[in-house]
Amino acid sequence: MEYKHKEIEKRWQQRWKEDKTYKAEIDGKKPKYYVLDMFPYPSGAGLHVGHPLGYIASDILARYKRLKGFNVLHPMGYDAYGLPAEQYAIQTGQHPEVTTKKNIARYREQLDNIGFCFDWDREVRTCDPGYYKWTQWAFIQMFSHYYDTREQKAKPIADLIAHFEAKGTEGVHAAASKELKFKAEQWKAMDEKQKSDTLMNYRIAYLGNTMVNWCPKLGTVLANDEVSEGVSVRGGYPVEQKLMYQWCLRVSAYAERLLAGLEKLQWSDSIKETQRNWIGKSEGAEMQFKVKDSDVEMTIFTTRADTVFGVTFMVLAPESKYVDMVTTPEKKAEVEAYRQEIKHKTERERMIDKKVSGVWTGAYAINPLSGKEIPIWVSDYVLAGYGTGAIMAVPAHDSRDYAFAKHFDLPIIPLIEGADVSEQSYDAKEGKVINSCGGELDLNGLDVKEAIAKTKRFIEEKGIGKVKTNYRLRDAIFSRQRYWGEPFPVYYKDGIPHMLSEDCLPLQLPEIDKYLPTETGEPPLGRAKGWETPEGYKLELNTMPGFAGSSAYYLRYMDPHNDQALVGKEANDYWRSVDLYVGGTEHATGHLIYSRFWNKFLYDLGKVCEDEPFKKLINQGMIQGRSNFVYRIKDTNTFVSLGLKDKYDVTPIHVDVNIVSNDILDVEAFKAWRPEYATAEFILEDGKYVCGWAVEKMSKSMFNVVNPDDIVEKYGADTLRLYEMFLGPVEQSKPWDTNGIDGVNRFIKKLWNLFYKGDQWLVTDEKSSAESLKSIHKLIKKVTADIEAFSYNTSVSAFMICVNELTQQKCHSREVLEMLVVLLAPFAPHVCEELWHALGHESSVCDAQWPDWNEEYLVEKNVTYPVSFNGKPRFNLTVAVDTPAADIEKAALSDPAAAKWLEGKTVKKVIVVPGKIVNIVIG
RNA sequence: GGCCGAAUGGUGGAAUGGUAGACACGAGGGACUUAAAAUCCCUUGGCUGCAAAGCUGUGUGGGUUCGAGUCCCACUUCGGCUACCA
């Protein structure tokens, strides 16, 4: 029997499918383990070898946990709504669903080729009405709840209404867009529209005016993680800021819980830190500044209350509501001109152009502590969206204020002893405070931290301001002016939004004739005929963003066919939450925040039993491409090999990596690759054409895309799986390099040769030798530890060592080989299944039991210590394994080899590390 | 600017503070073969040496330690994320 990967892999993939080998069902007798991959967006390009890296790693863990006796849930599905399918639809008129289905079929085929143990009966697709019913349902729940800041949880909006009826806003503790104050009578006097608008201020899903990332070219709003450096990630079109009336989710209400929840998660420090930064908690103070000759009071936010005596001016964001309130009539035109100028700059222009700009409003404010008059400026370096959109500027101790002060020649007052502010500001929060005494407050001589605390106490006592915690985390904008997304379960009656009743769900996405906005500028859904309720009320024209469908999909996998609930109680109580989540770091501030928010909300409603969705997170690294180059001599059709290229004037040209092997060009394939190369000539080295290489992003234009299907075809899925793991630590980014894959392929053949020699079956029932038992138990110990630690590259090495040892030992013992097959099964399931059955088993190797190692087989009779003098190893000393440390020391000193080193020297110290080393320090 | 991570042979990468370079690729040599492929064996960080052996060596400079690739401090370079967040 020869190792024929194609036959073997096809056969077992077929059997697994027929037998539903990987079907997961609730089983109270077994502990559960939920392993999840971030589901892919099925793009038209299909998978390249980088994509399955994380899937292979999680697949290994899923299979391992199953062998360890866990009931494993390992599902897969598709994040099916997305811009590319919609863009394609606009260009071609092809319905996005058609494109998406086609892409999904292609993805499925590619995934199946690799032999994953997904339970496909649990597949979800976000664009499936049976699925998005629950996305719509969750939205209705968010609309119908508000966030109680005292109880720190979501509560029914009806409770809030009852409170308003009874006491107005008195004693209300609710997360809100802005602070409102009204009495019960005022509430009762409101008409329906006013009440609706008021409640929008509190609802978790609400309509509000927000600055959004607007992409005119795509005709839609984009999420922050869909924008990079001022252009859209998809398409690279410019993005501008625009104020729009949009559906939003009050994610900010959960800021503190999202921050606190990180503590108990087994996520990498870097991703937790990224989330902490994104949430951006900052503890400071809000302070009131009166405007001179006016009754306007401006509220500012600062974390440096101690620097209030160094405030030499104030700055307002151009969009700030205070600008109109304070600007003097003679400055009006100038200020307005500046605001217009800023408005027309895109985010990108603002970033490139870091010039200091601003304009004086003509007004002065009064420093509440020193009583000094300070000018009020407007500048775009102050952001409207953070804090109050107004700051007190302390140029001596803030670099941005410093740059502004220098540019406009404003005074700079140093407040910290020894700080030289002639060239730059001193931003550090340390040192002794000076120049800070006025009125009833004296901070001089205090440490900065003490001064901050003292100032905070003072302003609270005097009613000048209050201690305030700010979060950078903003509410999520939830509307998209697109077709290919979940429709909102919303209709409008007299201009007031209402939710559809739950039994109308799912509200299905209607068919439309074109996928473009309407002539009147409405979103594409404006084209849908009969897009209204049976009563004739207009339905919402926006659709939901990409993260809507991906925020709770992990819950749906637990109970994917339930039409009564997102997830049934029984299923949720059993599967609870994801034990291991594998995916890329690019979702750190998008999906991973929104999912946590979504889950916490459902937790507040008692719909799910765990507060956090993903217990442990592993971020697989990115696989970069490894491009190959040929060197064409200028103005010729002659190509020169890498080693000789410096002798000519050459142009490097990307060449398809699939016609290069171990950096050697397949010359005939190259000639056939492009018509213009058909007549190409070559200058070879040793009869070969050697290509150059470089690490670049894996993309079609670099001709460095490697399709897993090609690898599977040539070497088999098992080789691909092992090789991807062998490349290096899963979490590390690395270039794909097909050179080296032969090594793991050889390993599988060597493994095969332990079982077969030609057609001869080699396995015997003879007693295993001590050395083979040692080899295999060493392997069990190593692989068990490595899998738990996610160190798969060293596991693969351990397998290679073990197989080499067994080959050398000519070990064909059934006992040893059975264990080997079980251990390797998570990594190379096909060949192991084949060998497992060849060993006479009826059931799948998936149902075998993970072997335990026995230390006894690993124990050495004798131990060899390297004996060192002053840390340099000099000779080896072999003693019985349980020799006491003192006797090892004695043996080392009396060994004849030691005499040479001890001659004429005194022994200062002898260090014996049991089992490891003897070091003799001589002087 | 902020945060995080990395730096070890020709290459990918191993090393609970204890013989650096496991394992694999590549390269060189050899066996088998008419030949090639496949397979197997040997060598492979650098320097000196016929050899035995010795010296040197984990980005740079310091430190802790009997002992540092590993821990601490400073620096250099390269990646990733994030960014006028007051």
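Letters go in sequence order (proteins before strands), and every chain restarts at 1. These numbers were taken from a predicted model, which means no experiment stands behind them. Computed from heavy atoms alone, side chains included, the values below leave out hydrogens, waters and symmetry copies.
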Whole-angstrom distance between [N] and [M], as gauged at atom [atom1]:
{"N": "rG59(B)", "M": "rA6(B)", "atom1": "C1'", "answer": "11 Å"}
{"N": "rG57(B)", "M": "rA20(B)", "atom1": "C1'", "answer": "9 Å"}
{"N": "rU65(B)", "M": "rG54(B)", "atom1": "P", "answer": "29 Å"}

- Query: Which pair of non-hydrogen atoms, one from D306(A) and one from T455(A), has the smallest distance, and what is that distance?
  - Reply: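 Heavy atoms of D306(A) and T455(A) come nearest at CA-OG1, 3.7 Å.
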- G740(A) or K749(A), whichever maps to the more 5' nucleotide of RNA chain B: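 Between the two, 5'-proximity favours G740(A).
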- Item | Residue met sooner reading RNA chain B from 5', once D269(A) and G280(A) are mapped to nucleotides |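 So the residue in question is D269(A).
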- Task: May I ask you to evaluate whether Q732(A) reaches the phosphate of rG13(B), defined as a side-chain N or O under 4.0 Å from OP1 or OP2?
- Result: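 For rG13(B), OP1/OP2 do have a side-chain N/O of Q732(A) under 4.0 Å.
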- Message: Can you tell me if N277(A) touches the phosphate of rC81(B), counting only side-chain N or O atoms and a distance under 4.0 Å to OP1 or OP2?
- Response: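 Answer no for this pair, as no side-chain N or O of N277(A) is under 4.0 Å from OP1 or OP2.
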Can you check the [X] [atom1] to [N] [atom2] distance for me, whole Å?
{"X": "K734(A)", "N": "rG5(B)", "atom1": "NZ", "atom2": "P", "result": "18 Å"}
{"X": "D737(A)", "N": "rA24(B)", "atom1": "CG", "atom2": "C1'", "result": "12 Å"}
{"X": "Q424(A)", "N": "rG1(B)", "atom1": "CD", "atom2": "P", "result": "11 Å"}
{"X": "N619(A)", "N": "rG5(B)", "atom1": "CG", "atom2": "C1'", "result": "13 Å"}
{"X": "K782(A)", "N": "rC23(B)", "atom1": "NZ", "atom2": "C1'", "result": "10 Å"}
{"X": "E724(A)", "N": "rG12(B)", "atom1": "CD", "atom2": "P", "result": "18 Å"}
{"X": "M287(A)", "N": "rA86(B)", "atom1": "CE", "atom2": "P", "result": "14 Å"}
{"X": "L722(A)", "N": "rC25(B)", "atom1": "CG", "atom2": "C1'", "result": "15 Å"}

Would the distance check show the side chain of [X] and the main-chain N or O of [Y] forming a donor-acceptor pair, the cut-off being under 3.5 Å?
{"X": "S320(A)", "Y": "L316(A)", "value": "no"}
{"X": "H397(A)", "Y": "Y426(A)", "value": "yes"}
{"X": "N367(A)", "Y": "V308(A)", "value": "yes"}
{"X": "Y322(A)", "Y": "T299(A)", "value": "yes"}

Mind checking [X] for me? I need base, sugar-phosphate or nothing, with any heavy atom below 4.0 Å counting as a touch.
{"X": "L727(A)", "value": "sugar-phosphate"}
{"X": "E586(A)", "value": "nothing"}
{"X": "D401(A)", "value": "nothing"}
{"X": "P729(A)", "value": "sugar-phosphate"}
{"X": "R474(A)", "value": "base"}
{"X": "N470(A)", "value": "nothing"}
{"X": "S797(A)", "value": "base"}
{"X": "K272(A)", "value": "nothing"}
{"X": "R746(A)", "value": "sugar-phosphate"}

Any idea which of [options] is nearest the [X] side chain?
{"X": "Y381(A)", "options": "rC84(B), rA15(B), rC81(B)", "answer": "rC84(B)"}
{"X": "Q808(A)", "options": "rC23(B), rC85(B), rC41(B)", "answer": "rC41(B)"}
{"X": "N739(A)", "options": "rC23(B), rA83(B), rC25(B)", "answer": "rC25(B)"}
{"X": "D398(A)", "options": "rA83(B), rA86(B), rA24(B)", "answer": "rA86(B)"}
{"X": "I801(A)", "options": "rC23(B), rG13(B), rA86(B)", "answer": "rC23(B)"}
{"X": "T303(A)", "options": "rA86(B), rC84(B), rC3(B)", "answer": "rA86(B)"}
{"X": "T302(A)", "options": "rA24(B), rC4(B), rA86(B)", "answer": "rA86(B)"}
{"X": "N793(A)", "options": "rA86(B), rC23(B), rG13(B)", "answer": "rG13(B)"}

- Task: Please give the nucleotide sitting opposite rA35(B) as a Watson-Crick or G-U wobble pair, both distances under 3.5 Å, or none.
- Result: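 Pairing partner, where one exists within any strand: none, as none qualifies.
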- Paired with rU65(B) by Watson-Crick or G-U wobble geometry, both distances under 3.5 Å: which nucleotide is it?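 Base partner found: none.
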- Query: Taking the inter-plane angle between the rings of F408(A) and W377(A) on a 0 to 90° scale, is it parallel (under 30°), tilted (30 to 60°) or perpendicular (over 60°)?
  - Reply: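 The rings of F408(A) and W377(A) sit tilted, inter-plane angle from 30° to 60°.
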- Hey, what's the ring geometry for F747(A) with F799(A), parallel, tilted or perpendicular (30° and 60° as the breaks)?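 It falls in the tilted class, 30° to 60°.
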- Task: Tell me whether the centres of the aromatic rings in Y402(A) and F404(A) are closer together than 6.0 Å.
- Result: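 Not under 6.0 Å, so no.
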